[in-house]
Amino acid sequence: MKEKINKAFAEHFGEAPSRLYTSAGRINLIGEHTDYNGEFVFPGAIDKGMVARIRENGYDKVRAYSVDLQEYAEFGLNEEDAPKAQWARYIFGVCREIIKLGKTIKGFDTAFAGDVPLGAGMSSSAALESTFAFALNDMFSLGIEKFQLAIVGQMTEHHYIGVNCGIMDQFASIFGRKGSLIRLDCRSLEYEYFPFNPKGYKLVLLDTVVKHELASSAYNARRRSCENAAKAMGVEFLRDATFEMLEGVKDKISAEDYKRAYYVIGEKQRVLDVCDALGRDDYETVGAKMYETHWGMSKDYEVSCPELDFLAIKAKECGVTGCRVMGGGFGGCTINLVKNEIYDKFIVEASAAFEKQFGHAPKVYPVVISDGARRLE
């Protein structure tokens with residue numbers, strides 16, 4: 001990938017000295033759709049992400065080339081200069097959010113590519129945002145703290161993409177550490193690293209290769225449901241709600257809002273239970289909680305789909321320790337915690353059964369927990 005980027009950069013912008021940056025996609029072991037509810041998440045950066053070569057160009061414009069899409073975009077740094085192409089809006093949004101912090105950015109040239117699959121729930125968008133937030137901060141010596149860099153990415157989603165996301169994806173891309181998952185309190189932003197090197201198990205993603213578009217309206221509607229339920233219970237976030245409180249307002253909120261809140265309140269405890277289980281090397285409990293999360297997301301939060309449910313059922317039949325839909329849902333991947341001795345058999349059987357049912361095989365992505373945003377050269 002580095003060679004492709006170097007070649008594209010030289011072709012479009014010349015051979016002058018430049019810098020190379022990267023940031024990671026992420027997995028989330030458990031804790032989904034909880035970040036914007038002020039709760040806990042448990043993500044980690046992975047060994048797949050975005051890489052960008054970048055150099056100040058002496059102009060007042062950004063010139064960007066997407067190697068994967070083979071598309072070029074050029075835009076200024078003022079609000080009215082927003083590009084039309086969505087991939088370019090991510091870069092533009094990062095620039096604008098940094099400028100809003102009172103920092104000065106100059107024009108730059110960049111060519112970038114990634115190996116984090118689009119639409120697979122590994123947050124390629126956060127990897128892209130974090131790569132450029134980290135790169136601009138470093139290249140222009142802006143002195144922005146890492147927490148603020150994550151917020152820059154989050155606000156890019158809010159203001160320039162139209163997805164009212166939480167902080168988890170960008171946080172994991174910025175703060176990721178090789179061999180560790182991160183328990184993040186999305187309200188206080190306190191975090192703790194948990195070593196994750198499960199002996200005898202592998203993590204693997206099965207990608208349905210289905211992208212039921214994570215429409216802004218669908219995502220934001222679920223967030224509104226959570227806010228409605230929290231308001232009815234008199235709390236700011238569902239983080240502070242209990243099942244008993246929810247039952248007390250059941251007749252005051254819609255059935256849909258009730259179901260959404262029921263899932264989120266349960267997911268809060270599941271994250272904490274998984275953290276405790278990891279401290280005991282109890283991966284059977286970790287896996288059981290993953291399955292609970294999947295069916296909560298499918299039945300109560302309603303962000304799964306037939307393809308994902310099929311893979312979860314098949315994983316259970318094959319003896320997989322844990323499986324669940326990962327990411328925002330509406331397609332994408334399942335994340336699977338699989339014992340080494342059944343790994344190969346599971347991949348073969350699940351792939352064959354899925355292809356028979358849906359007409360195409362899932363893509364298989366083994367993942368390793370890796371470092372987050374950093375300069376490569």
Side-chain angles (χ1 to χ4, degrees), residues 1-25 45-78 81-101 103-116 118 123-146 148-150 152-153 156 160 170 173-176 178 370-377:
M1 183 165 62
K2 180 179 174 181
E3 289 72 19
K4 287 195 308 180
I5 294 169
N6 289 345
K7 181 180 178 182
F9 191 91
E11 288 176 351
H12 285 82
F13 310 117
E15 297 279 2
S18 56
R19 300 181 183 184
L20 194 68
Y21 296 90
T22 188
S23 191
I46 59 172
D47 57 338
K48 296 173 175 61
M50 291 287 177
V51 178
R53 185 161 291 285
I54 184 169
R55 172 184 72 215
E56 186 177 345
N57 62 22
Y59 304 111
D60 58 355
K61 290 188 176 184
V62 174
R63 303 186 299 186
Y65 182 73
S66 169
V67 177
D68 297 325
L69 298 177
Q70 297 184 4
E71 292 183 6
Y72 175 84
E74 186 173 311
F75 51 86
L77 294 169
N78 297 316
D81 297 326
K84 292 182 179 179
Q86 187 175 54
W87 66 265
R89 290 182 68 86
Y90 285 105
I91 302 172
F92 175 77
V94 168
C95 293
R96 288 298 306 160
E97 291 299 329
I98 289 176
I99 290 169
K100 291 175 188 177
L101 296 175
K103 306 296 183 178
T104 299
I105 291 177
K106 300 176 183 178
F108 59 89
D109 298 332
T110 183
F112 69 94
D115 60 359
V116 57
L118 300 177
S123 202
S124 57
S125 59
L128 181 59
E129 293 153 1
S130 299
T131 297
F132 280 94
F134 187 93
L136 295 176
N137 186 48
D138 180 72
M139 189 170 71
F140 294 115
S141 302
L142 302 178
I144 303 173
E145 296 294 331
K146 290 175 72 174
Q148 191 63 54
L149 292 179
V152 162
T156 294
Y160 299 95
Q170 294 80 7
S173 290
I174 292 287
F175 280 86
K178 185 176 181 179
S370 186
D371 290 320
R374 60 199 185 276
R375 180 177 172 180
L376 296 175
E377 62 179 53

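Index from 1, following the sequence.
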Parallel, tilted or perpendicular for F132 and F112, by the 30°/60° rule? perpendicular
Between atom [atom1] of [X] and atom [atom2] of [Y], what is the distance when rounded to the nearest 0.5 Å?
X: S124; Y: E129; atom1: OG; atom2: CD; value: 9.0 Å
X: C95; Y: F75; atom1: SG; atom2: CZ; value: 5.5 Å
X: S123; Y: M50; atom1: OG; atom2: CE; value: 9.5 Å
X: S130; Y: F175; atom1: OG; atom2: CZ; value: 10.5 Å
X: I98; Y: T104; atom1: CD1; atom2: OG1; value: 11.0 Å

Non-hydrogen atoms of [X] and [Y] that approach each other most closely:
X: I144; Y: Q148; result: CG2-CB, 3.5 Å
X: L136; Y: L142; result: O-CD1, 3.7 Å
X: S23; Y: A127; result: CB-O, 3.6 Å
X: L149; Y: I174; result: CB-CD1, 4.1 Å
X: R55; Y: G14; result: NH1-O, 3.8 Å
X: Y65; Y: Q70; result: OH-CA, 3.3 Å

With a 4.5 Å limit on heavy-atom distance, are the side chains of [X] and [Y] in contact?
X: D60; Y: L77; value: no
X: V152; Y: N137; value: no
X: F13; Y: N57; value: no
X: E377; Y: R53; value: yes
X: R96; Y: T156; value: no

Tell me whether the count of non-hydrogen atoms from other residues, nucleotides or ligands lying under 6.0 Å of [atom1] in [X] goes above 12.
X: K103; atom1: NZ; answer: yes
X: Y59; atom1: OH; answer: no
X: K100; atom1: NZ; answer: yes
X: E145; atom1: CD; answer: no

Qualifying salt bridge (Lys or Arg N to Asp or Glu O under 4.0 Å) pairs with a residue from residues 6-15, counting only residues at least two apart or across chains: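 Listed by first then second residue: nothing to list.
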Between F140 and K106, is there a cation-pi geometry (under 6.0 Å to ring centre, at most 45° from the normal)? no
So does R63 pair up with D109, basic N to acidic O under 4.0 Å? yes
Residue that, paired with Y21, satisfies side-chain hydrogen bond (donor to acceptor under 3.5 Å, both in side chains) out of T131, D138, T110: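 When side-chain hydrogen bond (donor to acceptor under 3.5 Å, both in side chains) is applied between Y21 and each of T131, D138, T110, only D138 qualifies.
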